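Report on the structure given below.
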2 protein chains.
Amino acid sequence: MGLNQTKDTPLYIGIDGGGSKCRATIYAADNRILGSGVAGRANPLHGLSQTFESIQQSTALALTDAGLALSDSHQLIAGLGLAGVNVPHLYQQVVNWQHPFAQMYVTTDLHAACIGAHNGGDGAVIITGTGSCGYAHVGEQSCCLGGHGFMLGDKGSGAWLGLKAAEQVLLHLDGFAPATALTERLLTHFKVHDAMGIVAHLAGQSSSCYATLARTVLTCANDNDEVAKSIVVEGAAYLSQLAHKLFELNPPRFSMIGGLAEPLAPWLDSDVVANIAPVIAPPEFGAAYYARQQVAVQSITR
Amino acid sequence: MGLNQTKDTPLYIGIDGGGSKCRATIYAADNRILGSGVAGRANPLHGLSQTFESIQQSTALALTDAGLALSDSHQLIAGLGLAGVNVPHLYQQVVNWQHPFAQMYVTTDLHAACIGAHNGGDGAVIITGTGSCGYAHVGEQSCCLGGHGFMLGDKGSGAWLGLKAAEQVLLHLDGFAPATALTERLLTHFKVHDAMGIVAHLAGQSSSCYATLARTVLTCANDNDEVAKSIVVEGAAYLSQLAHKLFELNPPRFSMIGGLAEPLAPWLDSDVVANIAPVIAPPEFGAAYYARQQVAVQSITR
């Protein structure tokens, strides 16, 4: 389809940017998906230029997928749900970006994910993929918990599971911690023979590199490895705490999002699991929905 | 002095490169210090080009301090004690460097520190500054423990103390961990009002930024703050474990090196503290000593 048909009904693009990838989806006025694209990481905390590059790249791919020209980006109304923009100066720098869109509205990745999960309604979400965090929006109240990024927080996330596993394996190889099946797994994973080899592969690497170890940690925990189990138990206990804090706002719906939501579910408190409702739409939809809300608010206040 | 006087007695430069700084000292044949210079971080694990830059910068400063010309670097025999070169490919890349010296010999920062601490004799050292690690050299045996770098290991180091404090403060501000005096201290340290402010100052920062919090953690621990105390106790317990492992090699001398060695001493096991001997010479001296040893070995094997 060409843009000519949509002169009066603008197209929206919803963009979900995080620590490992950036996904963009173009929606018609009736919410039909016209095209989507995925590019690399887009977390302003880890670099603004990379964030802008990933947004442009995923947008270009989505435009191509929709059969549109790259120059048509200037006619899209964009909603961006980005990690890190809860930090005021990063939010400001993103907003000041000379973006390629007709209009651009920026919110956090959490807010966009929550809007998407509950199709615009009130609710709470916990995201546990590369990072972890919790968010709830109920009436006038909203609450954002955790999500302080790799190293500083993000307990129970993929990167955290990987980091804790690497720490324990290195302590074990030095003789300071008990034996664990994780040691053999990590040596095999990196095709190395000693601690030095593991360090060479992990030092200075990003959270997504650590997150590649998460499945291994979960497998070892499910196979009853004590060290892996204690890591997973500690991470899951934090996520359960996070859920209980969010429940204090009485959200009408609660969803778990992210690649580790499903494999971690058996390790969460049973009342948390019992409350999990399926995600209705993805974060990109939430980001586009947010843009549409903002356009509506502006047309009213004008 | 000019280099003319030393045509037959070569000058040595000892270089100690680590996570926060790079120190270079030029020695005459009789071990007299002719000049020294300090530049920024030189840890190959965190970037080779920065490492080479810091080495050149500290060398230039040392030459100037000694009243020598910059071009005189081509007549210096250099000993480099560098973090990270226990990783084979990094060692190879440093050795392959088109360096500005007459000859260059490379070993680990730990080995150089140990040689310096015991004036070339056998012994063991624990370094705890920005990072932490242990090393012993006794007869034909040597043993290197810990020191896997910020995040992955380095328990009991300044960066580790700072990281653990930040984690606890963020958990406390989210309501997931007990109150601690560290919260007020960190908010004041960064001149911010909430978790977001702390994250904005720490996210993506290097180990040396985290290490600036170490003194605060020790102060709070000494003031009986339970959270700070449990962090310091965990770090010190690891360092005591490290010492006991090194003692298994029966080193004739043992020293503690680095900015946190003294403030952490009261928290270490009493038998570890009882064994601490003073450092005889700094790591730069050890690096220069190593170069001299290698030159001697080569003149014998030729």
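All values derive from a computational prediction rather than experimental measurement. The chains referred to below are lettered A, B, ... by the order of the sequence lines, with proteins before strands, and numbering in each begins at 1.
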Ranking A/K155, A/Q241, A/K164, A/H46 by heavy-atom pairs under 4.5 Å to chain B gives rank one to A/Q241
For atom NE2 of B/H193, is the number of surrounding heavy atoms from other residues, nucleotides or ligands below 6.0 Å larger than 12?
no
Interface check, chain B: of A/P88, A/G175, A/A166, A/C143, most non-hydrogen pairs under 4.5 Å belong to A/G175
Given A/V169, A/D194, A/L173, A/L242, the one with more heavy-atom pairs under 4.5 angstrom with chain B than any other is A/L242
Worked check of side chain to side chain contact (heavy atoms under 4.5 Å, CB included) between B/L161 and B/L260: CA-CA 10 Å; B/L161 290 172; B/L260 291 184; 3.8 Å; yes
Honestly, the part of A/A203 sitting under 4.5 Å from a heavy atom of chain B is both
Is it the case that B/H172 and B/T183 place a side-chain donor and acceptor less than 3.5 Å from each other?
yes
The residue among B/N43, B/V106, B/V95, B/D109 that forms side chain to side chain contact (heavy atoms under 4.5 Å, CB included) with B/V85 is B/V106
Of the listed B/L163, B/I198, B/L45, B/L170, the one with the largest count of heavy-atom pairs under 4.5 Å with chain A is B/L170
B/Y91 and B/T108, any side-chain heavy atoms less than 4.5 Å apart = no
